[in-house]
There are 2 protein chains.
Amino acid sequence: MQHNNLKAILRKNGSSLTRTRRLIFDLLDGQDPQSMQVLISRADDQLDRATIYRTIELFERLGIVHRVNIGWKYKIELSDVFTGHHHHLHCSKCGKILDLPSNPMLETMIDTLATKVDFAPRNHVLEIYGLCPACKQAGS
Amino acid sequence: MQHNNLKAILRKNGSSLTRTRRLIFDLLDGQDPQSMQVLISRADDQLDRATIYRTIELFERLGIVHRVNIGWKYKIELSDVFTGHHHHLHCSKCGKILDLPSNPMLETMIDTLATKVDFAPRNHVLEIYGLCPACKQAGS
DNA sequence: TAAATTATTGCGACAAATTTGCAAATATAT
DNA sequence: ATATATTTGCAAATTTGTCGCAATAATTTA
């Protein structure tokens, strides 16, 4: 149960784990990245739109969630703290988003390349586009 | 001059290189990624907002431009076809976006990792966040 | 534990960003 | 040059995200 972890992060920041925040966290937990619209509709009878925006903004500020960008839109998922560092494989055909677990060698190389140009890397996001196993199979 | 290249891509898709499209292309050419607002304001006395949105959408669909995501916002830049493949270094302090030229070893590793999980990679986006040389220096 | 203090939520109104339908203008093909 | 198809501007509608403020819930203090 990650609620303790969640609570700790909030407390450390002078915020509390309210019913609302637990609810939104639970909507995200274990799910694929979700759009605001979906999040709002899934919680709409219980929570106000503004509250959801404010909560997601807070969560993002505290590193609890982060945005996955898809074209002009974005979706929300729990951050690496809760899911482990990973990247995304976007299927251009069916739209599914798969996780690609982090690879130490890759992470190192990315940091090294950035450092080489005198940049101080803190974190990064890698999104890969192509065909998922199922669509790849189907489309040949 | 990349207008020929641009024209070719458009023609191949049953679209033509109009004055409007050339103008928008030129607004992007050689510039850092730009927000819609900036693009709109830079062209506003000559072009309608809706036209700009439609053109960017077309350009993106044809792979002429792509979006660089910055938090909830995004900016537009010409795609790899016109600029060469590269990644971005985002300075968390001053907001500047620097280019990191593509590295063959890195690209290979990314494709390999994706292929290993039976995904067929077509392209990818890597965004690195941290401190640019200037801010790194300053904030010692 | 009750009172006081501070943080959080809902609500309604706003503001900004993006989209759409349609008629007029422009480009391409005949 | 004319006909046909595409593109653009305009105005209006939607969608998305934000804000102020009063009501509610949580936390702290006595």
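The chains referred to below are lettered A, B, ... by the order of the sequence lines, with proteins before strands, and numbering in each begins at 1.
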| query | Quick one: on DNA chain C, does B:Lys7 or A:Ser15 contact a more 5' nucleotide (nearest heavy atom)? | reply | A:Ser15
| message | I want to verify a distance call: between C:dT28, D:dT27, C:dT9, whose nearest atom is closest to the B:Arg11 side chain? | response | C:dT28
| request: State whether B:Gln37 places a side-chain N or O below 4.0 Å from either non-bridging phosphate oxygen (OP1 or OP2) of C:dA17. | output: yes
| query | For A:Arg54 and B:Gly14, take the nucleotide of DNA chain D holding the closest heavy atom to each; which residue's nucleotide lies nearer the 5' end? | reply | B:Gly14
| Considering only D:dT8, C:dT18, D:dT16, which nucleotide approaches the side chain of B:Thr20 most closely? | D:dT8
| said: Nearest whole Å is fine: how far is D:dT16 P from B:Met36 CE? | reply: 16 Å
| message | If you go through the side-chain atoms of A:Arg49, does one of them form a donor-acceptor pair with the base of D:dG17 closer than 3.5 Å? | response | yes
| request: With DNA chain C as reference, determine whether A:Asp48 or A:Lys73 sits nearer its 5' end, using the nearest nucleotide of each. | output: A:Asp48
| query | Contact class for A:Gln46 vs. all strands (heavy atom < 4.0 Å): base, sugar-phosphate, or nothing? | reply | sugar-phosphate
| said: If you compare every side-chain N and O of A:Tyr74 against the phosphate oxygens of D:dG17 (OP1, OP2), does one of them come in below 4.0 Å? | reply: yes
| query | Taking the six-membered ring for Trp, are B:His87 and B:His124 parallel (under 30°), tilted (30 to 60°) or perpendicular (over 60°)? | reply | parallel
| query | Whole-Å distance between C:dA16 C1' and B:Ile40 CD1? | reply | 11 Å
| note | Taken to the nearest whole Å, CZ/B:Arg61 to P/C:dT19 is 12 Å
| query | Out of curiosity, does A:Tyr53 fall in the hydrophobic cluster containing A:Leu47 (side-chain heavy atoms, cut-off under 4.5 Å, transitive links)? | reply | yes
| request: Would you tell me if any nitrogen or oxygen in the side chain of A:Tyr53 comes within less than 4.0 Å of OP1 or OP2 on D:dT18? | output: no
| remark: Rounded to whole Å, CZ of A:Arg21 lies from P of C:dA7 at a distance of 11 Å
| said: How many whole angstroms separate atom CG of A:Leu10 from atom C1' of D:dT27? | reply: 14 Å
| Ring centroid separation A:Phe82 to A:Phe25 under 6.0 Å | yes
| request: Test the B:Arg67-B:Tyr74 pair against the cation-pi criterion, namely NZ or CZ under 6.0 angstrom from the six-membered ring centroid and within 45° of the ring axis. | output: yes
| note | Taking for B:Arg19 and for A:Thr18 the nucleotide of DNA chain D with the nearest heavy atom, the one nearer the 5' end belongs to B:Arg19
| query | Distance only, no hydrogens: is a donor on one side chain within 3.5 Å (strictly under) of an acceptor on the other, for A:His3 and A:Asp26? | reply | yes
| query | Around B:Lys136, counting heavy atoms of other residues, nucleotides and ligands shown, do more than 12 lie under 6.0 Å from its NZ? | reply | yes
| said: Distance check needed: D:dT6 P versus B:Leu17 CG, whole Å only. | reply: 17 Å
| query | Can you check the B:Ile52 CD1 to C:dT19 C1' distance for me, whole Å? | reply | 15 Å
| request: Check every atom of D:dT8, D:dC19, D:dG17 against the side chain of A:Ala50 and return the nucleotide holding the closest atom. | output: D:dC19
| message | From the set C:dT28, C:dT8, C:dT9, return the single nucleotide nearest to any side-chain atom of A:Thr55. | response | C:dT9
| message | In whole Å, I'd like the distance from the CG atom of A:Leu23 to the C1' atom of C:dT8. | response | 15 Å
